[in-house]
Amino acid sequence: MAEHTIKAFDDEIDRLRGLIAEMGGRAEAAIESAMIALQRQDLALAAQVVAEDKRIDAIEAEVEKLVIQVIALRAPMANDLRDVIAALKIVGVVERIGDYAKNIAKRVPLIMVNQRTLEPVSLLPSMGQVASEMVHDALNAFAARDPDLAVAVVERDTVVDDFYNSVFRTLVTYMVENPKTISECAHLLFIAKNIERIGDHATNVAEMVYYAATGQTLPDRDRGGAAAEE
Amino acid sequence: MTEATNPLAIANPKMSARDVKVFYGAKQAIKGVSIDVDMDHVTAFIGPSGCGKSTFLRTLNRMNDTVASARVEGTITLDGDDIYSPSMDVVQLRARVGMVFQKPNPFPKSIYENIAYGPRIHGLAHAKADLDVIVEKSLRRAGLWEEVKDRLHDSGTALSGGQQQRLCIGRAIAVEPEVILMDEPCSALDPIATAKIEELIHELRGRYAIVIVTHNMQQAARVSQCTAFFHLGDLVEYGVTSDIFTNPTQERTKDYITGRYG
């Protein structure tokens, strides 16, 4: 894309995009670490995920400040305006994604209490993997202003929803058969729900990226949704 | 009627230009512009210096007639009548299609006379009582009445720049025009005087077809419903203002309004 006549404007846009790339990377890493902590029952790693969420929150605040400054001082127009507004909305969503990862990490010690291998735990990492890849691709789509990649993210949301429905059924069955595990299973169910929400949020980011890149809103598509919940 | 010519699908355009070309001697300044404007919408012309926006504006009331080397091709109609037809009375045309310029240019006469002059020479009123009514009505519409009603016989040139510009708008309004052309009407004014003119434009919308040329894109965004982007004599894009400023379809429009090298 051609440069602005006023170079400082480009510098600010670059900084904005850099912050969002960092934030996205951190959110993605938080999801992955939280899932590893869950699998390996690694308390230290879980605590680290919780602690590092503060940096994600700080980036959100920094981006908000910068966006307000750019709007006030540069009066961005057209694709610049869409970019800046998308940036503002995206950081709000990525911050929520970070919170879900943190919430997963916080549940790790509670599940560790009872060291039994629950079958659903084996499904969750793959589910987390898909969700974190969606976050990764949604933010890559923003960085590259790539509407096709954004569409691909939106389409992948059904995979996460299917995972969720499957985990939900498995856990309910497990709880019926093993009432003593209800507490742990409930935590696992929340974790699955958190991952499902991360997928939804990544989808929202992708929709914002699509609008910023094209100026058009993505046509509503018939999404699967989490049937067990709705 | 294409969308590019008439983005709001105006059913009864006040003025229509079709394939208008303007030449200054051998140099072509306007390369085939088609556009419709009506009374319900303010139209803004934007574009870099030398893009032809002012030249095109001036074709709408034949101000280019005063430039010896200027030649206009294509058709421009006012209520369906060709304004370049030999039977068109140019003086009458300029009363129907008024103009406000970049620098306020009141006559070196009283405020009252600035307004009364046009109606008098156009024979709209002769009796003092009738002129008084026109002067008050015009100054009210121009948003100036309250500020000058007690000094109508002071010189118009003694007013502030913003007041002078509103006086010029009042002067244009006094002859009951149908279209008002404004060529950068605020570029010599401070932000407060500018805001008053913009508010005035907003109030005048619906009563007159208003076309404004501006270098200030924020102003175009604030006052207009339709925006036309000119570049190198082409009408690059004519669209609904909110679309032009959020999602222009043409690369050249985008580069211009986002402040990139074109």
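Residue numbers begin at 1 in each chain, while the letters A, B, ... track the order of the sequences.
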Under a 4.5 Å heavy-atom criterion, the part of residues 55-81 of chain A in contact with chain B comprises A:Ala75, A:Met77, A:Ala78, A:Asn79, A:Asp80, A:Leu81
[X]: partners by ring pair (Phe, Tyr, Trp, His ring centres under 6.0 Å), with sequence neighbours left out:
{"X": "A:Tyr211", "value": "none"}
{"X": "A:Phe163", "value": "none"}
{"X": "A:Tyr100", "value": "A:His201"}

For A:Phe190, is the CZ atom crowded, meaning more than 12 foreign heavy atoms sit under 6.0 Å from it? no
Within a reach of under 6.0 Å around CG of A:Asp14, are more than 12 heavy atoms found that belong to other residues, nucleotides or ligands? yes
Under 3.5 Å, side chain of B:Arg260 to main-chain N/O of A:Ala2, donor-acceptor pair present? yes
Do side-chain atoms of A:Arg82 reach the backbone of B:Thr246 as a donor and acceptor pair under 3.5 angstrom? yes
